[in-house]
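Keep in mind that this is a model prediction, so the values were computed, not measured. Proteins get letters first, then strands, A, B, ... in listed order; numbering begins at 1 in each.
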2 protein chains.
Amino acid sequence: MTAPTRRERLRTAAVSEIKDGARRLLVTGGPQAISLRAIARDMGMTAPAIYRYFPSLEALIVELAGDLLDELCEQLEAARDTAGDEPLDQLVTAARAFRCWSVRHPVEFGLVFGSVVPGIDAFPDNCANDEDPGARLGHVFLAPLVELWRRNPYPVPLAGQVDSRLTDSLAPLREKHPELPVEVACLMLSGWTMLYGLVSMEVYAQLRWAVTDPEALFEAELAAFLQQLHTSTGTTPGTAATPGTESGIGTEPGIGSTPATGTEAGIGSTPGVGGGQARTASGQPN
Amino acid sequence: MTAPTRRERLRTAAVSEIKDGARRLLVTGGPQAISLRAIARDMGMTAPAIYRYFPSLEALIVELAGDLLDELCEQLEAARDTAGDEPLDQLVTAARAFRCWSVRHPVEFGLVFGSVVPGIDAFPDNCANDEDPGARLGHVFLAPLVELWRRNPYPVPLAGQVDSRLTDSLAPLREKHPELPVEVACLMLSGWTMLYGLVSMEVYAQLRWAVTDPEALFEAELAAFLQQLHTSTGTTPGTAATPGTESGIGTEPGIGSTPATGTEAGIGSTPGVGGGQARTASGQPN
DNA sequence: TGCGATAGTAAACAGCGTTCACTCATTTGA
DNA sequence: TCAAATGAGTGAACGCTGTTTACTATCGCA
């Protein structure tokens, strides 16, 4: 791989300038507000010029969504890597980082995870490639769970209750991790479902009929999930650092820190889950 | 309330014809495909005429989304009412009906629950009004849970583990049901989170990296949830009839029946969850 | 019979994605 | 070194969109 030519440098600069403009429009006005003409206008160009870089508006949006998913994955991986060697800590930290990114970037979350649907797959999502965005996101949570199991096979809930139909259905996941028992795979999926469902509802403001402080609910559900993988070693997770500083647009350093003041435990002994800090009122970050 | 005049009849007929056209466009081409001009064209009218009925395209879409949510609620309530008097049966039936409607109507699901986000609330969602769509949907699941608890206060999981912050946060939910213990409210929310998360991911095809048959996972998670509200009476839920016939557009009678052949149990004794019937392959219904 | 409310139209404006023909600068190769 | 080829950008145009305005015809009621 030789050094990029001048033309190539200009080209990649233009591409990223286009994407930056698209994201700016996305954040300020929603997905509908992304328009080639507006992007070009902001760049001092005309709209057809963008067709030198992207074959269509939709292709640009799909690529932007892929970038956002990459950004999310990087943040999660970075957060997980600050959590030390305990897989349980890594899990908690990554989960909190997922919520933080999503709450801070609701529109981006909507673009990446939200409704696309006509008949399309924005992400073909085949787990063949390990760097595939979907698989990569799953890996952030799956890897600590696998490691946790490897170090200390805890008593599995649902042991012997997983029927053959579900076992067969889990083939894509288990091909990647043949050493993982079906029950642990189920646990992983139920945890991810909880995380995704809770964060989705918080981001889309669909929890207000029931709850004023979604973070409290999040912490409670997280603790309840961790209780299921109670290892015999009495480690107390939750003492992670702030889940990674922002690198993208719109950095507000206020929200992201861990909810508890320091060494709160989420698992067994301490009944309280989140410390009484900084309510952060679920409102959209401006 | 006197009989509607001829003008009023014509007006409501036009309104519903507009909405039908909008929904047809939604289903065939996604939310982006809904256009006033296309609707008017299908009706043999010109686009500005629609402004006699809706102040803007967005208002029409919001109202359509509200209607879809109403349709969903009606289906769930109808399904629940076919399930007899056992609240556990009602719960299972309503949950399956929710999944069925969503999988059969993925685009509608996306419009109702999916990304809106710029800065907007499609549904103001205040729980003040009991006929509010959000509260109504929650009620379908909440009512059986409350009734279940009223009849037989089962040993609550997480008893004494709900901290004050979460308790405070649950105020909106508990104002409606002051008799409900906090732990049961938490259980309700965790069940709804699981249901919503699982169905969302299935509808948006975000489970393919892990699972080939989302219904199997759904049934397993449903069974695991029911296990948490294990009453001392040994009733076996899951023997519900088909979750309500379609009344809207696009009725395909194939998918909707309960996954098991008849008296499969979800709770304690029988390990198998879903009977081995009709795989229904998770693909979008055409 | 006549009047007011209602429903609909045609024309126009501004904006959109996309295509086409064209120009200009840069790079490449003989 | 010079010509050819490539790449980037423009302007005009097409057909689509939501929305507004002015205008007309019709319907229902007094």
Side-chain angles (χ1 to χ4, degrees), chain A residues 1-65 111 116 118 120 122, chain B residues 1-65 111 116 118 120 122:
Chain A
M1 193 58 100
T2 169
T5 70
R6 173 184 144 80
R7 268 228 169 112
E8 287 168 340
R9 272 186 291 115
L10 288 178
R11 186 175 177 84
T12 60
V15 165
S16 63
E17 189 179 352
I18 292 171
K19 286 181 185 173
D20 287 350
R23 179 163 183 180
R24 208 175 307 123
L25 290 167
L26 171 72
V27 171
T28 57
Q32 302 258 17
I34 307 178
S35 90
L36 293 183
R37 289 193 132 105
I39 297 170
R41 216 178 298 129
D42 291 350
M43 296 174 66
M45 287 197 333
T46 61
I50 299 186
Y51 284 84
R52 298 283 169 193
Y53 304 94
F54 295 94
S56 71
L57 172 66
E58 189 185 336
L60 166 60
I61 293 179
V62 168
E63 193 158 326
L64 176 61
L111 187 64
V116 223
I120 319 170
Chain B
M1 191 60 99
T2 168
T5 70
R6 174 183 143 79
R7 268 230 168 112
E8 285 169 340
R9 271 187 292 115
L10 287 178
R11 186 174 179 83
T12 59
V15 164
S16 63
E17 189 180 352
I18 292 172
K19 285 182 185 172
D20 287 350
R23 180 163 182 179
R24 207 175 309 123
L25 290 168
L26 170 72
V27 171
T28 57
Q32 302 260 19
I34 307 178
S35 90
L36 293 182
R37 288 193 133 105
I39 296 170
R41 218 178 296 129
D42 292 350
M43 295 174 67
M45 288 197 331
T46 60
I50 300 186
Y51 284 85
R52 298 285 169 192
Y53 303 94
F54 296 93
S56 71
L57 171 67
E58 189 186 335
L60 165 59
I61 293 180
V62 168
E63 194 158 323
L64 176 61
L111 186 63
V116 224
I120 319 171

Side-chain contact, heavy-atom cut-off 4.5 Å: Phe54(B) with Val15(B)? yes
Where the side chain of Ala38(B) is concerned, which of dG9(D), dT17(D), dA13(D) is the nearest nucleotide? dT17(D)
What are the two closest heavy atoms between Leu25(A) and Ala38(A), and how far apart are they? CD1-CB, 3.8 Å
Applying salt bridge (charged side-chain N to carboxylate O under 4.0 Å, His left out), name anything that partners Glu63(B), two or more places apart in sequence or on another chain. Lys19(B)
With a non-hydrogen cut-off below 4.0 angstrom, is Arg6(A) in contact with a base, only sugar-phosphate, or nothing? sugar-phosphate
Minimum heavy-atom distance Ile39(B)-Gly21(B), with the two atoms named: CG1-C, 4.3 Å
Give the rounded distance in Å between these two atoms: CZ of Phe54(B) and P of dG18(D). 14 Å
Whole-Å gap separating P (dC16(D)) and CD1 (Ile39(B)): 17 Å
Distance below 4.0 Å between Arg41(B) side-chain N/O and dT17(D) OP1 or OP2: yes
5′-ward residue of the pair Leu10(B)/Ser35(B) relative to DNA chain D: Ser35(B)
Rounded distance (nearest 0.5 Å) linking atom CD1 of Ile18(A) with atom CZ of Arg52(A): 12.0 Å
So which heavy atom on Leu26(A) is nearest to which on Leu64(A), and how close? CD2-CD2, 4.3 Å
To the side chain of Arg52(A), which of dA8(D), dG28(D), dG18(D) is closest? dA8(D)
Bounds of contact between DNA chain C and chain A, in 5' to 3' order, using a heavy-atom cut-off under 4.0 Å: dC16(C) to dT27(C)
How is Ser56(B) classified with respect to the nucleic acid when contacts are heavy atoms under 4.0 Å: base, sugar-phosphate, or nothing? sugar-phosphate
To the nearest angstrom, the CD1-P distance between Ile34(B) and dG18(D) comes to 10 Å
Report which part of the nucleic acid Tyr53(B) touches: base, sugar-phosphate, or nothing (heavy-atom distance under 4.0 Å, all strands). sugar-phosphate
Position toward the 5' end of DNA chain C (nearest nucleotide), Arg37(B) or Leu36(A): Arg37(B)
How many whole angstroms separate atom OH of Tyr51(A) from atom C1' of dA12(D)? 15 Å
Might you point out which heavy atoms bring Ser56(A) and Tyr51(A) nearest each other, and give the distance in Å? CA-CE2, 4.2 Å
Side chain of Met45(A) only, heavy atoms from C-beta on: which candidate in dA8(D), dC27(D), dT10(D) is closest? dT10(D)
Using a cut-off of strictly less than 4.0 Å, decide whether Thr46(A) has a side-chain nitrogen or oxygen near OP1 or OP2 of dG9(D). no
Whole-Å distance between dG7(D) P and Arg7(A) CZ? 7 Å
In terms of side-chain heavy atoms of Arg11(A), which of dA8(D), dG18(D), dC27(D) is nearest? dA8(D)
